[in-house]
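Down below is the structure, laid out as structure tokens.
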Amino acid sequence: MKDILNDLNEEQRVAVTATEGPVMVIAGAGSGKTRVLTYRIAHLINKGIDPFHVLALTFTNKAAREMKDRIIKLLGSSESANVWMGTFHSVFARVLRVEGQKLGYPSNFTIYDTDDTKRVIKAIIKDLQLDDKAYQVSYVYHRISSAKTSLITPEDYIQSPEIQEQDKSANKPLLGMIYQAYRKRCFQSAAMDFDDLLLNTYKLLRDFPEALYKYQHKFEYILVDEYQDTNYLQYLIVKMLAANNENLCVVGDDAQSIYAFRGANIQNILSFRKDYPEAQVYKLEQNYRSTKLIVEAANQVIKNNKNRIFKEVWTHNDQGHKIQVFRAITDGEEGMLVAGSIFEQRMNTHSPNEAFAILYRTNAQSRSFEESLRKLNIPYRIFGGISFYQRKEIKDVLAYFRLIINNKDEDALLRIINYPARGIGKTTIEKLQVIAEETGRSLWDTLESPGRGHFNEGTFQKLSAFATMIRSFSAMLGKKDAFELARHIMHAAGIKRELEEDKTPEGVNRSENVEELLNAIKEFATAPTPGPSPLEGEELELRASLADFMKDIALLTDADVEDKTNTDKVSLMTVHQAKGLEFPFVYIVGLEENLFPSIQSLNDRSDLEEERRLFYVAITRAQQRLFLSFAENRYRWGNLTFCEPSRFLEEIPQELLEFPRKASPPRPTFHPKDNFSDIITPKAPKINIPGHYKKVIGTQSPAGSVPASQEPMVEVFPGQEVEHPQFGKGKVLAVDGQGANKKVTVFFAGIGQKQLLLKFARLKVVTHDT
DNA sequence: ACCGTATTCAGCGCG
DNA sequence: TGAATACGGT
């Protein structure tokens with residue numbers, strides 16, 4: 001066996017071999033953090049530590065999978081598959097399936113994802129007849145989530161004068177009531193949301209000494225990745241688990257903490273030494289990823305933050321090119337400049353598309369880049385958006401599975417009680433809920449036997465037909481495997497028919513998605529993934545059942561669904577999504593005040609510092625070349641607004657930057673006086689007359705975009721043949737209205753008659769030359 | 001129950 | 001701007 005320690009530099013080797021006692025590794029960007037973690041685990045196993053006793057907690061499922069693969073490769077044995085590796089949520093969900101009874105949960109509890117959680121909150125706000133404008137679902141969700149993370153129970157919440165004061169002044173005095181109702185409803189539904197997975201794990205360890213003992217001895221060695229992004233609950237859990245022998249190794253980079261907004265606590269990393277005075281702290285400062293210039297730029301930027309652990313990242317790599325800064329007149333032009341630059345760099349360096357990434361602050365910025373890339377025929381892939389398992393059609397199908405596995409799952413029941421439409425309408429559902437409330441039974445029980453006289457014969461029939469169907473599915477749970485049962489449900493419940501009836505492109509797409517879900521289930525059922533060591537009390541089954549499939553489906557995210565079609569494409573994503581990734585060529589775009597840094601961050605020093613860390617993360621994704629861009633004018637919420645360049649641009653030393661004056665595709669040349677100092681401190685905004693930009697935009701906008709001008713894009717008249725991107729070719733029957741509101745009635749073959757607003761319809765005139 | 005229309009709202013998103 | 005949802009008429 002070769003000595004794996006030879007693959008490491010001195011700093012890394014020290015961090016890997018210090019296996020006993022508390023260790024903190026501060027790992028600068030690109031310094032081989034993952035390497036240290038994987039080698040450390042491999043080293044532990046080489047030393048004879050049983051993999052069953054090693055717990056490694058990662059930030060994403062993907063990270064866990066990749067790390068596991070690397071360790072297996074490193075050790076050349078699959079022994080390391082027995083390491084407990086995963087996210088906090090997935091590891092402790094598994095623990096709770098076994099131990100949850102202690103807390104009053106059945107082992108088949110449902111996991112509510114953010115969507116489900118918000119649906120429940122929404123329903124509660126409605127039931128309590130509160131104003132849904134004052135009580136916005138996302139706001140309530142955040143409040144509840146942070147209360148849970150801070151170990152504040154609904155009772156604490158209601159009794160705390162301080163919190164009540166806050167909520168009153170925010171005009172939301174009844175938030176505590178919502179929180180209370182929410183907790184009750186989740187518990188009665190035998191459901192845990194993401195915060196509950198952590199909260200209940202904490203309660204388990206806190207209130208059940210035998211459980212604490214068991215897991216303290218099970219997990220002799222604990223490693224936590226991305227420690228800067230852990231929240232208070234995660235911190236407490238780790239602390240309790242590690243309390244016995246303190247073989248705890250946390251790895252992170254305070255400079256890359258970018259999730260404070262959702263509860264991550266940078267204090268966890270900053271105060272590690274206080275919690276463990278005897279802790280060994282190591283820094284990894286040699287960067288293997290980026291050029292000297294990029295490392296220097298990143299260092300200079302992060303220097304402006306006060307709250308940080310000192311470290312100086314350096315590299316042996318080449319000096320590299322200067323950072324190019326593009327100044328664009330509009331966001332549309334920004335797209336063209338960036339796409340043009342990618343085109344050029346790709347040519348000059350013979351790099352594949354996948355070497356390029358465009359990173360932006362907000363998802364809404366992707367559009368101009370998509371358009372420009374499409375125009376230049378550069379293939380791209382957008383990350384983010386709605387993930388596969390979040391799609392409505394998928395969630396509808398999954399709700400059937402949820403209900404038959406756990407018939408207390410009220411959200412699932414409500415979701416499918418009338419999908420596909422079976423004549424159980426709003427009135428009936430409300431009646432059921434009232435009866436359930438009065439009799440103290442679950443909604444499902446009520447539906448199964450509503451009691452005499454509540455419903456007329458027709459409604460009663462519909463309800464019992466539904467109940468019978470669901471019961472019959474439940475009965476098959478133990479008999480059919482996941483795929484057989486899923487397919488059966490799709491047919492028997494009429495989901496398949498419902499989906500296939502919709503012939504619109506969106507409908508076909510939905511149908512395909514559900515088909516894809518079935519494929520995934522089939523794959524799962526025929527080749528069950530060899531899970532890690534079974535927990536004591538976990539049951540092993542021969543064939544993968546639907547219940548197995550559903551166990552952690554809520555814990556999957558987009559990153560876990562592999563994209564087979566994704567090969568050589570430019571990546572478009574938010575900076576947050578880029579965390580942990582690297583690309584030879586990186587474009588950071590939209591570097592404007594109020595956008596990056598975001599407008600919400602400007603009032604608070606710590607928020608601004610988080611934005612700066614975000615920028616730091618963005619810069620350090622680049623291996624060879626970095627490009628920055630900003631627009632002087634940008635469409636935001638429908639109107640053109642003037643933008644100032646980001647303060648972050650000033651924080652990079654000028655000598656590291658260059659400003660190509662050359663505009664990519666044909667466009668008016670800029671004045672020589674447009675140098676950077678002029679840009680950084682814009683005096684009076686020169687021109688802000690919409691008319692001035694119209695021409696620029698007009699010539700750039702591809703046919704797909706909505707032009708700013710009032711003139712319609714096409715002249716249409718009855719009898720004309722036109723083409724629509726979705727509906728295909730059709731014939732204009734009538735034109736009504738004036739100007740912006742001009743409406744056309746078009747007959748599309750195979751689809752029928754459609755009324756379209758000319759302004760939006762993206763119609764193309766079909767010309768018949770000859 | 002369902003459809004078209006009006007209105008509203010807009011941050012980043014791990015699990 | 002445009003998506004998502006609420007509303008209101010049939």
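Every chain is numbered from 1, with letters handed out A, B, ... down the list of sequences. Basis for what follows: all heavy atoms, side chains included, without hydrogens, waters or symmetry-related copies.
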Ring centroids only, cut at 6.0 angstrom: are [X] and [Y] within range, meaning strictly under it?
| X | Y | value |
| --- | --- | --- |
| A:F59 | A:Y227 | no |
| A:F261 | A:H576 | yes |
| A:Y105 | A:F187 | yes |

Per nearest nucleotide of DNA chain B, the residue lying toward the 5' end, A:G423 or A:A364, is A:G423
Separation of [X] atom [atom1] from [N] atom [atom2], in whole Å?
| X | N | atom1 | atom2 | result |
| --- | --- | --- | --- | --- |
| A:I588 | B:dC12 | CD1 | P | 17 Å |
| A:E498 | B:dA1 | CD | P | 13 Å |
| A:H576 | B:dC14 | NE2 | P | 10 Å |
| A:K579 | B:dG15 | NZ | P | 10 Å |
| A:I125 | C:dT5 | CD1 | P | 14 Å |
| A:D331 | C:dT1 | CG | P | 13 Å |
| A:H89 | B:dG13 | NE2 | C1' | 12 Å |

Side-chain N or O of [X] versus OP1/OP2 of [N]: is the shortest distance under 4.0 Å?
| X | N | answer |
| --- | --- | --- |
| A:T574 | B:dG13 | yes |
| A:Q577 | B:dG13 | yes |
| A:N61 | B:dG15 | yes |

Just the table, please: protein N/O against nucleotides 8-11 of chain B N/O, every pair under 3.5 Å.
from   : atom 1 : to     : atom 2 : distance (Å)
B:dG11 : N2     : A:R361 : NH2    : 2.5
B:dG11 : N2     : A:S598 : OG     : 3.2
B:dG11 : N2     : A:E611 : OE2    : 3.0

Would you say the side-chain atoms of A:T459 and A:N456 include a donor-acceptor pair closer than 3.5 Å? yes
Should A:F455 and A:F460 be marked as a ring pair (Phe, Tyr, Trp, His ring centres under 6.0 Å) after you check the CA-CA gap, both sets of side-chain angles, and the distance that decides it? CA-CA 6 Å; A:F455 296 100; A:F460 180 80; 8.0 Å; no
Of all residues at least two apart in sequence or in a different chain, which pass the salt bridge (Lys or Arg N to Asp or Glu O under 4.0 Å) check with A:D607?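 For A:D607 there are no salt bridge (Lys or Arg N to Asp or Glu O under 4.0 Å) partners, ignoring immediate neighbours.
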Can you tell me, in whole Å, how much space there is between the P of C:dA4 and that of B:dG13? 16 Å
Taking C:dA6 as the reference, what is the distance to B:dG11 when you measure between their C1' atoms (whole Å, please)? 24 Å
Taking the side chain of A:R367 as heavy atoms from C-beta outward, which of B:dA1, C:dG2, B:dG13 is closest to it? C:dG2
Does any N or O donor sit under 3.5 Å from an N or O acceptor when you compare the side chain of A:R262 with the base of B:dC14? yes
Students often get this wrong, so: under 4.0 angstrom with heavy atoms, is A:K392 touching a base, only sugar-phosphate, or nothing?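 Nothing, no nucleic acid heavy atom in range.
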Should A:E610 and A:R613 count as an ion pair when the cut-off is N to O under 4.0 Å? yes
